Student: 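Would you mind keeping the following structure in view while I ask a few things?
Computed from a predicted model, the values in this text were never measured in an experiment.
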Amino acid sequence: MAQDFRLPDGGRIDRSKPVSFRFDGKSYQGFKGDSLASALLANGVHLVGRSFKYHRPRGIFSAGVEEPNALVQLGRGARSEPNIRATQAELFEGLEARSQNRWPSLEYDIGEVNSLASRLIPAGFYYKTFMWPAALWERYEYVIRRAAGLGKAPEGRDPDRYDKTHAHCDVLVVGAGPAGLAAALAAARAGARVVLADEQAEPGGALLGLAEEIDGKPALDWVAAALAELEKNDDVRVLTRTTVSSFYDHGYLALFERVTDHLAQPPEALPRHRLWKLRAKQVVLAAGAIERPLVFTGNDRPGVMLAGACRTYVKRYGVRPGKRAVVFTNNDSGYGAALDLQAAGVTIAGIVDLRPDPEGPCSEAAEAARLPVLPAQTIVGTEGRNRISAVKIARLNDAGDAVLGEAERLDCDLLAVAGGWNPTVHLFSQAKGSLKWDPELACYVPDEPRQAVLCAGACNGAFGLQSCLKQGTEAGAKAAAEAGFKAKGGRRKQPKAGDQGPLPARWLWKLPPAKKPGDKGLADRPAGQGGKAFVDLQNDVTAADLALALREGYRSIEHVKRYTTTGMGTDQGKTSNVNAIGLVADHFGVPLPAVGVTTFRPPYTPVSFGAYAGRDLDDLLDPVRKTPIHAWHEQAGAAFEDVGQWRRPWYYPRGGEDLHAAVNREVLACRESIGILDASTLGKIDIQGPDAAEFLNRIYTNAWSKLEVGRCRYGLMLGEDGMVMDDGVTSRLGETHFLMTTTTGNAAPVLAHLEEWLQTEWPELKVHLTSVTEQFATLSLSGPNARRLLSEFTELDLSPNAFPHMTLAETEVGGIPARIFRVSFTGEAGYEINVPASRGLALWQAVMAAGAKYNITPFGTEAMHVLRAEKGYIIVGQETDGSVNPHDLGMDWIVSKKKDFIGKRSLTRADMDKPDRKQLVGLLTEDIDAVLPEGAQLVEHLRDKPPMTMIGHVSSSYHSPNIGRSIALALVKGGRARIGHTIHAPLEGKTLACKVTEPIFFDPTGERLRG
Amino acid sequence: MLLIVCPWCGPRDESEFSYGGEAHIARPKNPEKLSDEKWGDYVFMRANTKGVLLERWVHSHGCGRWFNVARDTVSYRILAVYRMGEKPPKLDKTTYV
Amino acid sequence: MTPRYSIFSLLRNAASYHQDWPEAWRSPEPKPSYEVVIVGGGGHGLATAYYLAKEHGITDVAVIERGWLGGGNTGRNTTIVRSNYLWDESAQLYEHALKLWEGLSQDLNYNVMFSQRGVMNLAHNQHDLRELNRRVSANRLNGVDSEFLTPAQIKAFCPIIDLREQGRYPVLGASLQRRGGTARHDAVAWGYARAADARGVDIIQECPVEGFDIEDGKIRAVRTGKGRIEARKVGIVVAGHSSVLAEQAGFRLPVQSLPLQALVSEPIKPILDTVVMSNAVHAYISQSDKGELVIGAGVDHYVGYGQRGGIAVTEETLAAICELFPMFRRMRMLRLWGGIVDVCPDASPILSKTPVEGLYINCGWGTGGFKATPGSGHVFAHTIARDEPHALNAPFKLDRFHSGFLIDEHGAAAVAH
């Protein structure tokens, strides 16, 4: 079968370029320029999918984004993709598509049994059953889950690349149909920077599928001329295959560009999708309109298609969507479809018109073309299994709620449905603009905008071509003017085109079913009896389902939507929402606006996760920060740990050592000879100004005014809630100059905290803060041989008297300008050497070389943690968690009684000094080899099984090679009063008893530190 | 993505800024003299206005300066931007919901 | 008398083309006075009314709702239910809720589709691991089921997670609460509404509160769009608007109302059979019974009543999801929405009496209110009925912000050396 339904000529396909593709394993041919849907139709394939719930056979329903039925699985393996609308997928050589949600095959689907049982599974049936026995719900659910879903997830890692880009413009025009092109032309002519975005492969919008004329010539000539002009203008960017998907605040929009989806062999350099993040001063929405189907019994068979889509297949793709068509309409626009179909050689079996007396140019044209018009008729049923074969029509009464007489049969293989048009108000509504109901057009149109938005053309309710062009030109000029660009030069001639004006129509939301013997008042016959009238084709929601929801008291349109799932499919109700609202309004006997409208949620059409992620993946997900010495650590085979964004050496395994062995070695080396730590990640904040000391007084819990130049001091910083926020050593470099260190993870938050207080509360203080974390590399030397080694590098007298603990010197180390701080976090005599970052690696290498004779040992964060825990030094974020105050840590010694500081007043609140608060203590397990797991909870009284009353938890726990046993720090309720007592850590399968001790295990007097 | 006009740098994307909550809250002069209740209110209670809220922002990925913003928390419209220490301008506080 | 739902009632009604189903709840006009008025027809408010009737015999109750039932955060969340909280106070409250969840469909005679498919919290670094162990240990001793999973166990439990060690956020371990899972959010509101209505509670929608009549420090009445309604007691349960109503009643709350976003993908066949959460990368994901991937994002950090958030939050969330599940990069975001969450300074809720006698407040659930729904309603009903808190919500009082007894659930997020 070779494109039997392709017209001999016409359409915007390239007949010189045949394209092979596969659908459900079968090979077909189409042409370049085809969509998958048009190519399938050209081959006579209508049945393309199965519906979500009842697995009913479904065909291609539309020619665009609104498609509810024709969803296919595209591609294979890691490039496989579910739920692609065949109407939007551009055909390329080798395209492979499969139908979804059916087994074993599309033609014979076991799931269709659901359709037979449909009376048992009305809307919301699952809320009413599957409850007994309770234990079985998850079994039921397993079956429900298997049945639900449409396509399948891709398999494996997505090999493709995605990208994001930023853009700014004066005027963004959404939609490149006649209104959008006119708007872009007008705005560009005024000098504005314009972005024109359209979701289709080529601009033209509805004109691509219509036989309209502009200025007496084919409309597409005008489109080509407009494009040529726009493309010549450097300030205009035309984006095709780009859907403006989300309208955020302050003129910010997200545009989703499908860069290579239409290519068989995408060039390596191009990303697959691109997310444009665009800020526009003004937005012109010219997004067109979407045709609405009619709700009647049997309206879902393959071969039922929107009338406008039929025209598009004929005119744009040169495809005859059937041989014998019935057109079913409630307004004039169905007639255009009938004429186009007839011109394409399709027999028109009848134009079934709800209106009793269709008059005007359309019906005259139909008459002239000898088309059989059947006024005041409705369709009461359809026939055909995998394709429509006939419709049944009957005469409609005056009220439109019942049929008169028996139904007649009309054979057909295509049913074109025209139920009116819904302006595409999605973006307008996303931008918080209000909508109003136009009773004459029976649609929601834009009302009050809340952002700088103008609407033009069909999305504004202007369905005639002339109005579209006029509104587009006006909106473009106005948007440019609002953005500061006055139109230049004389007035240009406005393009001329035909204009049908408003569509005379007969708006009926629910069409009555067929008459049955014995029926009296037909309108009251239960909805659902005698066939299904679908409102939402994708989610299989019928008019009867809506009626059921309303009957059960789900009155709000949002309840109706959620209870029945109408409008919640991948099409987000583009063809169903207004019909659903109409049916609800009918039910209550109120006008539509009284029912309200469901929210238009972004995005307009689905956007790939990949586009939102862009390149922010793998190592770019979050920046990795590395110290200037990182390369050395890598070479040394260090194992790393993530600390905030920093990647720090964790330990340096040698010859097959595990963590435990390496850390033991590193810890011992530090106590016995010398250890070296890369401490460059510690936050460093340079604080300068005459009020610097006063500033620190207010920030830290202790006093700073009297700290001498050249001295260092440990400081504790609280939040205003009194809880420990950070700690670190701050040094006085000069009378008005301090250097603060912070914990690695808190460098940025602490600087932000300081700036906030300085700028917002104490602007009178003359202080400047500068982050210098990355300006310096920091080498930390610890151990009995640290002094001896360092003295090889500096002329500074390092003797304990000349350079005691907690002092600093600015000098040279190994010929490099440096600051040496005599501070220690290990309990050994220690020196932190700051050198310019660029010299850090050189100094490290020199120190390592010179230190070889002392067996200098690089140590990582884990050994550092052990060393400091032996000394009982806290780590903020490990011994604290935002609920710990200085008193809890036994650090009252650092809290000034005299001066005020941030958080001081909070320390005297009623609940802050209670004896049963959790306090920092040491723990020694009875079994000296047992290391408590960090995080283990502690109890006073053991019970056989939970629940047990917890009194605290282990915050730090290690094997201490220096003490030759395990040690731990813990936060325990009333901990200090428990010193000497035994408490328990119930673990999985065992319990460890431990004795509460002072939180210090090594060198309690600090001799080594000062030595 | 709000567009915030930094009084020092001009209009910039929201992602360059950090939020600081209600503006014009002065730290009490003598915290020790306050009741627990008054102190707790100062630490934890912040205006959470539905409508126009005077709030603080900082251009954290820009000039680093704190400043004040009058913003409608429903429409997200920014009515005014003014520097620290300045008084809020007179505002039309009508909003929509 | 409300007829029971069952497979039999479904069959019976199928025979009559479902013409005879009664209303799930009535839509009455408000009476001039009630013993208790609950302001807020979300899950928590409706549950409160239900338990007032069921547990305390107080049936002269009205629930008044500004819009439609469940239209706030109840209908906007990602439906995760778990109780593996760190602090005793929180764990006990959420565990109370989880126990109620376990029998809720039967209790309400409405299938809320509570599905205990497990909730997994991932750890990406040593600090995460330490905090995770602390929480798992605390959970176990509190009688809350919780277990630690190694990377190999994670892979076995959820094979599609990317566990490459060289990833930016390698997965080093996880906690798993097998009793956790998801429920159908709308059904929770509807189920409670129907069950409360069956016990005589009046549910009144489209009834905005305009003010409170308070005399001598006592609540007298609620002024509404449908007239003045007298009440001996009033409970406010209006997540997202708590400050607004508190202000109308003359007191302040330490909450900030922030925009929170969530999104779903297009529906696909089952691929993810548990809930995966990662605090470090701010992403929560599960798959609904319909087949959609349901993804929770972070909050925007400014006060916002617009029920919408910014693009940056969506980008960060989806990047994190794509990192954890590289196969999902080709999945598409179908629908994105925002809610308003009331966040307390200690990230724990307030379930408390207020400075106004007879007026009670339930708020401040932040991003985690849905999972608490039954427990919250249950203890709040107790608080209102007895005029004193239930033991479980006693710690969640309003004046903790004065005394300093905070239950700091987000404090543990600090980063170590």
Student: For A:Tyr126 and C:Arg184, which I'm curious about, is there any donor-acceptor pair between the side chains at under 3.5 Å?
Tutor: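 Per modelled atom types, A:Tyr126 and C:Arg184 side chains form no pair under 3.5 Å.
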
Student: Hey, which of A:Asp642, A:Asp616, A:Leu617 has the most heavy atom pairs under 4.5 Å with chain C?
Tutor: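 Ranked by heavy-atom pairs under 4.5 Å with chain C, first place is A:Leu617.
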
Student: Sort out for me which of C:Glu23, C:Glu266, C:Gln116 touches chain A most, counting heavy-atom pairs under 4.5 Å.
Tutor: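 Among C:Glu23, C:Glu266, C:Gln116, the one with the most close pairs to chain A is C:Glu266.
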
Student: State plainly whether the residues C:Arg330 and A:Asp160 are in salt-bridge range, i.e. N to O under 4.0 Å.
Tutor: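 Yes, this pair counts.
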
Student: Using non-hydrogen atoms and a 4.5 Å limit, figure out which bit of A:Ile84 sits close to chain C: side chain, backbone, both or neither.
Tutor: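 Both parts, heavy atoms under 4.5 Å.
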
Student: Against chain C, label A:Tyr252 side chain, backbone, both or neither, depending on which of its atoms sit under 4.5 Å from a heavy atom there.
Tutor: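 The side chain, not the backbone.
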
Student: So, C:Arg134 and A:Asp881, do they make that salt bridge, N to O below 4.0 Å?
Tutor: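 Judged by the 4.0 Å cut-off on N to carboxylate O distance, C:Arg134 and A:Asp881 do form a salt bridge.
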
Student: How many angstroms lie between atom NE2 of A:His953 and atom CZ of C:Arg130, to the nearest 0.5 angstrom?
Tutor: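 It is 10.0 Å, given to the nearest 0.5 Å.
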
Student: Return the set of residues passing salt bridge (charged side-chain N to carboxylate O under 4.0 Å, His left out) with A:Arg909 (not counting sequence neighbours), or none when no residue passes.
Tutor: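 So A:Arg909 forms no salt bridge (charged side-chain N to carboxylate O under 4.0 Å, His left out) with any residue.
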
Student: Should A:Gln937 and C:Leu141 count as side-chain neighbours, where that means a heavy-atom distance under 4.5 Å?
Tutor: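 Touching, per the 4.5 Å side-chain cut-off.
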
Student: Of all heavy-atom pairs between A:Pro603 and C:Leu334, which one has the smallest distance, and what is that distance?
Tutor: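 Where A:Pro603 meets C:Leu334 most closely, the heavy atoms are CD-O, 3.5 Å.
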
Student: Given side-chain contact (heavy atoms from CB on, under 4.5 Å), test C:Glu131 with A:Glu934 step by step and report yes or no.
Tutor: CA-CA 8 Å; C:Glu131 292 303 324; A:Glu934 286 176 350; over 6 Å; no

Student: Would you mind telling me which of A:Met725, A:Arg79, A:Glu879 has the largest number of heavy-atom pairs within less than 4.5 Å of chain C?
Tutor: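 Maximum pair count with chain C is reached by A:Arg79.
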
Student: Applying salt bridge (charged side-chain N to carboxylate O under 4.0 Å, His left out) to C:Asp162 and A:Arg157, what does each step give before you reach the verdict?
Tutor: CA-CA 9 Å; C:Asp162 184 31; A:Arg157 251 187 124 68; 3.2 Å; yes

Student: Is A:Gln645 in contact with chain C via its backbone, its side chain, both, or neither, using a 4.5 Å heavy-atom distance?
Tutor: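 For A:Gln645, heavy atoms of backbone and side chain both lie under 4.5 Å from chain C.
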
Student: A:Val939 versus chain C, heavy atoms under 4.5 Å apart: side chain, backbone, both or neither?
Tutor: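 For A:Val939, the side chain is the part near chain C, not the backbone.
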
Student: To the closest 0.5 Å, what do you measure between CG (C:Leu10) and CZ (A:Arg119)?
Tutor: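 Nearest 0.5 Å value for the CG-CZ distance: 11.5 Å.
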
Student: Name the region of A:Ser80, side chain, backbone, both or neither, that has any atom closer than 4.5 Å to a heavy atom of chain C.
Tutor: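 Contact with chain C is through the backbone of A:Ser80 alone.
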
Student: Supply the atom-to-atom distance C:Ser403 OG to A:Met912 CE, rounded to the nearest 0.5 angstrom.
Tutor: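 These two atoms lie 10.0 Å from each other.
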
Student: Taking atom CZ as the centre, does A:Arg555 end up with more than 12 heavy-atom neighbours from other residues, nucleotides or ligands that are less than 6.0 angstrom away?
Tutor: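 No, the 6.0 Å shell around CZ holds no more than 12 heavy atoms from other groups.
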
Student: Run the ring pair (Phe, Tyr, Trp, His ring centres under 6.0 Å) test on C:Trp190 and A:Tyr563 for me, step by step, so that the C-alpha distance in whole Å, both residues' side-chain angles and the decisive distance to 0.1 Å come before the verdict.
Tutor: CA-CA 10 Å; C:Trp190 301 339; A:Tyr563 191 68; 5.6 Å; yes

Student: With only heavy atoms counted, which part of A:Lys945 is less than 4.5 Å from chain C, the side chain, the backbone, both or neither?
Tutor: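 Neither; nothing under 4.5 Å.
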
Student: Based on non-hydrogen pairs under 4.5 Å, which of A:Pro933, A:Pro154, A:Ser556 is most in contact with chain C?
Tutor: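 Top count of heavy-atom pairs under 4.5 Å with chain C: A:Pro154.
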
Student: Taking side chain as everything from C-beta outward and backbone as N, CA, C, O, which of these in A:Trp650 sits under 4.5 Å from a heavy atom of chain C? Side chain, backbone, both or neither.
Tutor: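 Just the side chain, heavy atoms under 4.5 Å.
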
Student: With respect to chain C, which residue among A:Gly553, A:Gly151, A:Ser246, A:Gly614 yields the maximal number of heavy-atom pairs within a distance under 4.5 Å?
Tutor: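 Between A:Gly553, A:Gly151, A:Ser246, A:Gly614, the count favours A:Gly151.
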
Student: If you look at every heavy atom in A:Pro82 and C:Met331, which pair is closest and at what distance?
Tutor: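 Between these two residues, the closest heavy atoms are CG-SD, 4.0 Å.
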
Student: Taking C:Arg164 first and then A:Asp618, would you say they form a salt bridge - that is, a charged N and a carboxylate O separated by under 4.0 Å?
Tutor: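 The answer is yes: the pair qualifies as a salt bridge.
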
Student: Checking A:Ser245 against chain C: side chain, backbone, both or neither under 4.5 Å from a heavy atom?
Tutor: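 Neither part; nothing is under 4.5 Å.
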
Student: Counting heavy-atom pairs under 4.5 Å to chain C, which of A:Met948, A:Glu138, A:Lys152 comes out on top?
Tutor: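 Heavy-atom pair counts peak at A:Glu138.
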
Student: Out of C:Ile160, C:Asn111, C:Val112, which one racks up the most heavy-atom pairs below 4.5 Å with chain A?
Tutor: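 Looking at each option in turn, the highest pair count goes to C:Asn111.
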
Student: Does the side chain of C:Lys269 pick up a donor-acceptor pair with the side chain of A:Asn101 at under 3.5 Å?
Tutor: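 There is such a pair (donor and acceptor under 3.5 Å, judged by atom type) between the side chains of C:Lys269 and A:Asn101.
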
Student: Where do A:Glu641 and C:Asn125 land on the side-chain contact (heavy atoms from CB on, under 4.5 Å) test, with the steps shown first?
Tutor: CA-CA 7 Å; A:Glu641 75 159 326; C:Asn125 56 42; 5.9 Å; no

Student: With only heavy atoms counted, which part of A:Ala147 is less than 4.5 Å from chain C, the side chain, the backbone, both or neither?
Tutor: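 Backbone only.
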
Student: Please step through side-chain contact (heavy atoms from CB on, under 4.5 Å) for the pair A:Leu548 and C:Gln19, ending with a clear verdict.
Tutor: CA-CA 7 Å; A:Leu548 174 62; C:Gln19 293 299 295; over 6 Å; no

Student: Tell me, for A:Lys914 versus chain C, whether the close heavy atoms (under 4.5 Å) come from the side chain, the backbone, both or neither.
Tutor: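 Nothing of A:Lys914, per the 4.5 Å heavy-atom cut-off to chain C.
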
Student: Report which part of A:Tyr140 has an atom under 4.5 Å of a heavy atom belonging to chain C: side chain, backbone, both, or neither.
Tutor: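 Contact with chain C involves no heavy atom of A:Tyr140 at all.
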
Student: Which residue out of A:Asp622, A:Asn539, A:Ile144 racks up the most heavy-atom pairs below 4.5 Å with chain C?
Tutor: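 Highest number of pairs under 4.5 Å: A:Asp622.
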
Student: I need the minimum non-hydrogen distance between C:Ile268 and A:Ala153, along with the two atoms involved.
Tutor: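 Heavy atoms of C:Ile268 and A:Ala153 come nearest at CD1-CB, 3.7 Å.
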
Student: Set out, in order, the CA-CA distance, both residues' side-chain angles and the distance that settles ring pair (Phe, Tyr, Trp, His ring centres under 6.0 Å) for C:Trp68 and A:Tyr554, then state yes or no.
Tutor: CA-CA 9 Å; C:Trp68 38 282; A:Tyr554 300 89; over 10 Å; no

Student: Which residue is it: A:Tyr162, A:Phe609, A:Tyr612? I am looking for the one with a side chain to side chain contact (heavy atoms under 4.5 Å, CB included) to C:Cys322.
Tutor: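 For C:Cys322, the side chain to side chain contact (heavy atoms under 4.5 Å, CB included) test succeeds with only one of A:Tyr162, A:Phe609, A:Tyr612, which is A:Phe609.
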
Student: Non-hydrogen atoms of chain C under 4.5 Å away: do they reach the side chain of A:Ala78, the backbone, both or neither?
Tutor: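 For A:Ala78, the backbone is the part near chain C, not the side chain.
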
Student: For the atom pair CD1 (C:Ile7) and OG1 (A:Thr129), what is the distance rounded to the nearest 0.5 Å?
Tutor: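 Here the rounded value is 4.0 Å.
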
Student: Under the side-chain contact (heavy atoms from CB on, under 4.5 Å) criterion, do C:Lys290 and A:Arg145 qualify, and how do the steps go?
Tutor: CA-CA 7 Å; C:Lys290 228 191 133 196; A:Arg145 284 170 81 88; over 6 Å; no

Student: For the residue pair A:Val624 and C:Arg168, what are the closest heavy atoms and their distance?
Tutor: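 Between these two residues, the closest heavy atoms are CG2-NE, 3.1 Å.
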
Student: Between C:Pro267 and A:Asn83, which heavy-atom pair has the shortest distance, and what is it?
Tutor: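 So the minimum-distance heavy-atom pair works out to O-ND2, 2.8 Å.
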
Student: According to salt bridge (charged side-chain N to carboxylate O under 4.0 Å, His left out), who are the partners of C:Glu323, at least two apart in sequence or on a separate chain?
Tutor: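 Partners of C:Glu323 under the salt bridge (charged side-chain N to carboxylate O under 4.0 Å, His left out) test: none.
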
Student: At a 4.5 Å cut-off on heavy atoms, which part of C:Thr317 comes close to chain A: side chain, backbone, both, or neither?
Tutor: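 Nothing of C:Thr317, per the 4.5 Å heavy-atom cut-off to chain A.
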
Student: Looking at OG of A:Ser957 and CG of C:Asn133, how far apart are the two atoms once the value is rounded to the nearest 0.5 Å?
Tutor: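 Output value for this atom pair is 11.5 Å.
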
Student: For residues A:Glu141 and C:Ser115, report the shortest heavy-atom separation together with the two atoms involved.
Tutor: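 It is OE1-OG, 2.6 Å.
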
Student: If you count heavy-atom pairs within less than 4.5 Å of chain A, which of C:Ala193, C:Ala24, C:Ser6, C:Ala138 leads?
Tutor: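 Ranked by heavy-atom pairs under 4.5 Å with chain A, first place is C:Ala138.
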
Student: Counting only heavy atoms closer than 4.5 Å, note whether A:Ser608 contacts chain C via side chain, backbone, both or neither.
Tutor: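 Answer is both: backbone and side chain atoms of A:Ser608 are under 4.5 Å from chain C.
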
